[in-house]
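Shown next, in structure tokens, is the structure this report addresses.
Every chain is numbered from 1 and lettered A, B, ... according to where its sequence line falls, protein lines coming before strand lines. Small disclaimer: the values here were computed from a predicted structure and weren't measured.
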Number of protein chains: 2
Amino acid sequence: MEGSGSNRAAQRGGGRGRSRRGSEAGAISTSGAIEVGRLGEFIGYRLRRAQVWVFENFIRTLTPLDLRPAQFSTLLVIDGNPGRTQAEIAAAIGIQPPNFGALLDGLEKRGLARRSRSQSDRRSHALHLTPKGKALLDEAIKLVSAQDEQIGARLGPGGRETLLQLLEKVPGLADEMI
Amino acid sequence: MEGSGSNRAAQRGGGRGRSRRGSEAGAISTSGAIEVGRLGEFIGYRLRRAQVWVFENFIRTLTPLDLRPAQFSTLLVIDGNPGRTQAEIAAAIGIQPPNFGALLDGLEKRGLARRSRSQSDRRSHALHLTPKGKALLDEAIKLVSAQDEQIGARLGPGGRETLLQLLEKVPGLADEMI
DNA sequence: AATAATTGTTATGATTTATATCAATTATAA
DNA sequence: TTATAATTGATATAAATCATAACAATTATT
């Protein structure tokens with residue numbers, strides 16, 4: 001998530017009072033809490049607020065391992081699909097090939113993943129995790145799982161399953177994670 | 001939502017078959033669908049996928065009116081809080097003051113909103129919508145509401161309410177709607 | 001053999017988000 | 001009052017994310 005939302009923005013205004021609605025010419029909303037109004041009634045708004053919060057949480061969770069979300073996804077998908085090519089892995093997680101190349105450079109320099117030229121098609125690079133990469137991924141999965149459970153606990157009994165079921169009904173291509 | 005996800009990524013690979021799991025040295029996932037594996041079990045992953053899709057939909061919905069999501073939010077929040085200052089509105093929707101200035105420049109040039117120096121504090125700019133801005137906002141609300149209802153319809157009976165209730169349990173500062 | 005398509009790279013652009021600095025103004029302290 | 005600090009909004013600029021175009025190497029197709 002980067003690039004969305006924030007945790008700063010320490011409400012500059014402040015103060016009590018009640019604000020008025022409407023947009024009649026010259027109307028004034030005196031000091032008090034800002035009314036986001038109908039915004040809060042849209043699924044998109046609530047969805048975004050929740051997602052931004054979770055993603056920021058996710059970033060903080062992975063920071064100790066020096067992993068960005070896209071790097072985590074890459075390690076996880078390579079681990080589950082060893083030997084697949086760059087283009088395949090990149091498409092699965094929704095990253096453009098040019099950007100994916102740079103991402104892989106970083107993982108390779110850290111000794112977490114490696115590219116090997118396929119002998120059947122010498123244009124493509126087969127991807128694998130190194131033992132070090134697998135170990136780091138396992139560590140990351142522990143942290144992310146713990147965070148995920150904490151969020152699930154907030155949702156009450158059955159809340160997590162209900163949420164996942166509802167989210168599945170909202171379309172979302174399988175290839176647009178990060 | 002800008003800046004996340006995509007609708008491109010036309011699966012380059014393709015083909016049938018079944019892939020293997022695991023990361024044993026030298027293991028190979030032969031042609032077939034990529035396994036995102038555990039990724040799909042995380043709330044954050046599903047939440048992000050759904051949110052990215054909804055946000056892209058949102059952007060397309062507002063394109064005919066030449067409005068970006070942040071512009072829509074700004075118009076809506078100004079309308080609900082006429083006369084509030086830039087800093088207050090910016091904080092409410094989670095935009096940095098420097099970036100919010102440029103956004104307002106655009107709205108002012110199009111005659112949708114206006115800044116007026118407050119006489120009580122001549123540093124600050126009170127914000128209002130113009131009649132034209134209010135009219136455009138009403139038009140935008142119609143489009144966005146229709147889109148929101150379509151999404152709600154996918155969730156089945158009571159699904160929309162259940163989803164909103166669950167999302168409220170996930171923290172998300174009130175001031176981070178792009 | 002000639003042409004077209006694919007893979008991964010390089011270079012580069014657009015967008016979004018964030019930080020640092022500043023002038024104008026207001027608030028606070030001595 | 002005067003001196004100092006804080007606030008508002010603007011400007012310039014950086015950083016991160018996401019995307020497109022063009023290219024060499026390789027493979028597929030005609």
Side-chain angles (χ1 to χ4, degrees), chain A residues 1-15 31 48 52 55-56 59 63 68-71 73-74 84-91 93-106 108 113-127 175-178, chain B residues 1-15 31 48 52 55-56 59 63 68-71 73-74 84-91 93-106 108 113-127 175-178:
Chain A
M1 246 109 269
E2 257 65 356
S4 34
S6 51
N7 29 354
R8 32 146 185 67
Q11 212 86 324
R12 294 205 208 179
S31 65
R48 179 167 174 82
V52 164
F55 203 76
E56 287 176 348
I59 291 173
T63 294
R68 299 286 313 165
Q71 293 175 314
S73 298
T74 299
R84 300 300 285 257
T85 68
Q86 280 190 215
E88 289 173 324
I89 301 289
I93 56 186
I95 300 179
Q96 298 297 325
N99 302 325
F100 194 58
L103 192 156
L104 276 180
D105 285 346
E108 263 195 325
R114 58 190 167 77
R115 295 181 244 217
S116 56
R117 289 212 107 83
S118 162
Q119 49 193 32
S120 60
D121 184 340
R122 286 163 47 217
R123 289 169 302 185
S124 59
H125 294 167
L127 303 182
D175 46 304
E176 57 197 5
M177 171 66 180
I178 234 280
Chain B
M1 214 97 291
E2 262 63 0
S4 31
S6 51
N7 31 355
R8 33 153 184 59
Q11 213 86 325
R12 294 207 212 179
S31 66
R48 178 169 175 83
V52 164
F55 202 77
E56 287 176 347
I59 291 173
T63 294
R68 298 288 310 167
Q71 293 175 315
S73 299
T74 298
R84 301 298 286 255
T85 69
Q86 279 191 214
E88 289 173 322
I89 301 289
I93 56 186
I95 299 180
Q96 298 297 328
N99 302 326
F100 193 58
L103 191 157
L104 276 180
D105 287 345
E108 264 194 324
R114 58 189 165 80
R115 296 181 244 216
S116 56
R117 287 213 110 82
S118 162
Q119 48 194 30
S120 60
D121 183 341
R122 287 166 43 221
R123 288 170 301 185
S124 58
H125 295 166
L127 303 182
D175 47 305
E176 57 196 4
M177 170 67 181
I178 232 270

Legend entry - Which nucleotide in dG8(C), dT20(D), dA10(D) has an atom nearest any side-chain atom of Gln96(A): dT20(D)
Inset, instruction - To the nearest Å, give me how far apart CZ (Arg84(A)) and P (dT6(C)) are. - result: 17 Å
Legend entry - Nearest-angstrom distance from the residue atom CG of Leu104(A) to C1' of dT10(C): 16 Å
Legend entry - For atom CG of Leu103(B) and atom P of dA18(C), their distance in whole Å: 14 Å
Legend entry - Length of the CG-P vector between Asp105(A) and dG8(C), whole Å: 13 Å
Inset, instruction - Measure the spacing between CD of Glu88(B) and NE2 of His125(B) and express it to the nearest 0.5 Å. - result: 13.5 Å
Legend entry - Rounded distance in Å - CD1 (Ile95(A)) to C1' (dT20(D)): 17 Å
Inset, instruction - Measure the CZ-CG distance between Arg115(A) and Asp105(A) for me, rounded to the nearest 0.5 Å. - result: 4.5 Å
Inset, instruction - Please state how far atom CD in Glu56(B) lies from atom P in dC18(D), giving the value in whole angstrom units. - result: 11 Å
Legend entry - Length of the CG-C1' vector between Asn99(A) and dA14(C), whole Å: 12 Å
Inset, instruction - Find the distance between CD1 (Ile95(B)) and CD1 (Ile89(B)) and round it off to the nearest 0.5 Å. - result: 10.5 Å
Distances under 3.5 Å between protein N/O atoms and the N/O atoms of nucleotides 27-30 of chain D, please, pair by pair.
{"from": "dT27(D)", "atom 1": "OP1", "to": "Arg122(A)", "atom 2": "N", "distance (Å)": "2.8"}

Legend entry - Ser124(A) side-chain proximity, nearest of dA10(D), dT10(C), dT7(C): dT7(C)
Inset, instruction - Taking salt bridge (Lys or Arg N to Asp or Glu O under 4.0 Å) as the test, write out the residues that go with Arg123(A), two or more places apart. - result: Asp121(A)
Inset, instruction - Check for a donor-acceptor pair, side chain of Arg117(B) on one end and backbone N or O of Arg122(B) on the other, with a separation under 3.5 Å. - result: yes
Legend entry - Selected nucleotide, minimal atom distance to Arg115(B) side chain, candidates dA10(D), dA11(C), dG8(C): dA10(D)
Legend entry - Salt bridge flag under 4.0 Å for residues Glu108(B) and Arg114(B): no
Inset, instruction - Compare all side-chain heavy atoms of Pro69(B) with those of Ile59(B) and state whether any distance is below 4.5 angstrom. - result: yes
Inset, instruction - Take atom CD of Gln86(B) and atom P of dT7(D), then tell me their distance rounded to the nearest Å. - result: 17 Å
